[in-house]
Asker: 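To start, I am sharing the structure in question, which I have written as structure tokens.
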Number of protein chains: 2
Amino acid sequence: MSTPHYLSVRDEIARRLGALGIGAKLPSERELQAVSGAARGTVREALFQLETEGLIYRRDRSGWYVCPPPIVYDPTQWAGFMAYVADQGRTPSTETLSAERAPASPVVAQALGFEADGGRSVYALRRRRAVDGRAVLVEDIHVDPLIAPDLLTFSLNDSLTRILREAYGVSIVRTRVDMQPCALTSVEAAVLAAKPGAPGLLIVRTSFDALGRAVEYDREVWRHDAVRLQIDISRV
Amino acid sequence: MSTPHYLSVRDEIARRLGALGIGAKLPSERELQAVSGAARGTVREALFQLETEGLIYRRDRSGWYVCPPPIVYDPTQWAGFMAYVADQGRTPSTETLSAERAPASPVVAQALGFEADGGRSVYALRRRRAVDGRAVLVEDIHVDPLIAPDLLTFSLNDSLTRILREAYGVSIVRTRVDMQPCALTSVEAAVLAAKPGAPGLLIVRTSFDALGRAVEYDREVWRHDAVRLQIDISRV
DNA sequence: GAGTGGTCTAGACCACCTT
DNA sequence: AGGTGGTCTAGACCACTCA
């Protein structure tokens with residue numbers, strides 16, 4: 001047995017994924033076990049492998065499902081999530097989980113250029129966004145209340161950038177994007193119906209206006225299999 | 001037992017990571033098992049968790065080690081790997097694993113704008129790059145021989161972009177970057193002394209010159225914990 | 001050669017989802 | 001209420017690394 005058993009089980013399962021449709025539920029682990037003749041732990045090893053590859057995902061305590069293709073995402077463009085996803089023939093949705101004015105954490109305060117220990121507060125939004133009904137990301141957005149007073153009176157499921165532009169006359173001219181693989185915390189996992197510790201992709205965006213003010217600090221945690229970043233850069 | 005045992009083991013191990021230096025080897029799994037009183041599988045569960053979080057990594061069949069901090073990488077800048085890493089106070093190194101002229105695969109041919117079934121060949125380089133002696137990425141670079149004839153006569157551990165500019169007068173003015181979490185194939189894992197299926201980060205760069213020609217197609221597979229992308233975008 | 005991590009087995013119990 | 005995935009145990013053997 002030169003190649004481990006769990007890899008042949010992986011291949012066997014992978015072969016069937018095409019027959020199952022996108023989003024379809026896989027047979028139970030105990031069924032897969034019966035078919036493959038392996039112990040359940042070995043079957044799970046194979047499933048974890050496919051999860052890392054982005055071919056299947058799980059909904060916590062529910063089961064394993066075939067991954068839909070990833071969304072292609074350009075964090076430097078400002079078309080907005082709803083437009084992007086629709087352009088790719090998918091159905092986006094946004095849900096605002098919370099919206100409040102709260103004290104700025106040190107990280108947020110620094111990102112928005114607040115003075116240390118100023119005790120400033122920020123607008124904090126938490127949104128869950130889904131593609132074709134599957135929750136793919138949770139984001140925390142922080143906005144300086146001095147730049148966008150009364151922000152919370154707007155409909156927050158829309159493009160926030162449009163609100164900033166149309167209601168406050170603030171245009172984004174510079175964006176700093178940070179990206180890093182991560183593990184889902186228990187909070188993030190709960191929001192995404194995933195298991196805590198599942199692999200994710202962290203994208204942090206800080207947006208600046210023409211005056212150089214940090215207007216928006218956006219922290220997005222994606223399911224790692226749900227997104228592919230694509231950026232097009234032209235040098236001057 | 002509201003929180004799973006493997007998570008308390010994780011916390012216990014995480015607490016000790018500070019005391020161990022960066023790059024230090026963790027105690028063996030059987031030692032950790034003895035300390036925690038858990039079964040070995042549970043200890044491994046905890047270690048996998050820390051691996052996903054990017055706090056520890058393993059060298060295949062050797063053991064678990066404390067992760068150094070990630071390299072901050074801007075794929076849109078052309079400073080080059082060696083310059084980047086050095087700027088961050090780390091020691092970069094590059095090793096050319098192979099350099100040859102070979103038929104272009106369909107993916108490469110399309111990326112470089114070759115006509116379909118043209119039977120064109122390309123220069124293909126495979127390089128391994130390390131930070132402080134730890135292999136962090138393997139890259140496959142493909143260059144159009146019509147644009148850079150005799151490329152293989154140069155010293156290929158250097159910045160390829162500089163060679164293109166200084167020897168061939170080709171400047172990159174546009175870059176398309178694609179990025180996606182992935183799993184290491186057995187080939188990539190072998191090059192990086194990792195386990196096949198370990199989490200990775202795939203970065204694909206296609207670079208164009210002023211004439212709009214695709215000059216270079218670069219496919220980089222990173223250890224997922226070794227890199228943090230950072231991009232700064234200004235809109236005109 | 002000793003000890004390591006990698007793989008694998010064959011069970012078990014529980015909390016939770018689904019029906 | 002039944003079945004699921006999540007967690008956990010207590011072993012075992014092997015290929016490999018390292019001293």
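Convention: sequence-line order gives letters A, B, ...; per-chain numbering from 1. Predicted model only: the values in this text are computed from it and were never measured.
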Asker: Sort out for me which residue in A:R128, A:R126, A:R127 forms a salt bridge (Lys or Arg N to Asp or Glu O under 4.0 Å) with A:E95.
Answerer: A:R128
Asker: Between C:dC8 atom C1' and A:L7 atom CG, what is the distance in whole Å?
Answerer: 13 Å
Asker: To the nearest 0.5 Å, how far apart are CD1 in A:I203 and CE in A:M179?
Answerer: 6.5 Å
Asker: Using a heavy-atom distance cut-off of less than 4.0 Å, which residues of residues 41-61 of chain A contact DNA chain D?
Answerer: A:R44, A:R58, A:D60, A:R61
Asker: Distance check needed: D:dC14 P versus A:Y6 OH, whole Å only.
Answerer: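 Distance, rounded to whole Å: 19 Å.
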Asker: Counting side-chain heavy atoms from CB outward, which of D:dG6, D:dC8, C:dT7 is closest to A:P4?
Answerer: C:dT7
Asker: Using a strict heavy-atom distance below 4.0 Å, which residues from residues 23-35 of chain A are in contact with DNA chain D?
Answerer: A:S28, A:E29, A:R30
Asker: Return yes when atom CZ of A:R176 has more than 12 non-hydrogen atoms of other residues, nucleotides or ligands closer than 6.0 Å, and no otherwise.
Answerer: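 12 or below, so no.
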Asker: Do A:R134 and A:Y57 meet the cation-pi criteria used here (NZ or CZ under 6.0 Å from the six-membered ring centre, within 45° of the axis)?
Answerer: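 Judged by the rule, A:R134 and A:Y57 form a cation-pi pair.
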Asker: If you compare every side-chain N and O of A:S62 against the phosphate oxygens of C:dT18 (OP1, OP2), does one of them come in below 4.0 Å?
Answerer: yes
Asker: Please say whether more than 12 non-hydrogen atoms of neighbouring residues, nucleotides or ligands are located less than 6.0 Å from CD in A:Q110.
Answerer: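 Counting neighbours around CD of A:Q110, 12 or fewer heavy atoms of other residues, nucleotides or ligands fall under 6.0 Å, so no.
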Asker: Looking only at atom types and distance, does a side-chain atom of B:K25 sit under 3.5 Å from a main-chain N or O of B:S62, one as donor and one as acceptor?
Answerer: yes
Asker: Please give, in whole Å, the distance from D:dT4 C1' to A:R40 CZ?
Answerer: 8 Å
Asker: Charged N to carboxylate O under 4.0 angstrom, A:R219 versus A:E188?
Answerer: yes
Asker: With a 4.0 Å cut-off on N to O distance, would you call B:R10 and B:E53 a salt bridge?
Answerer: yes
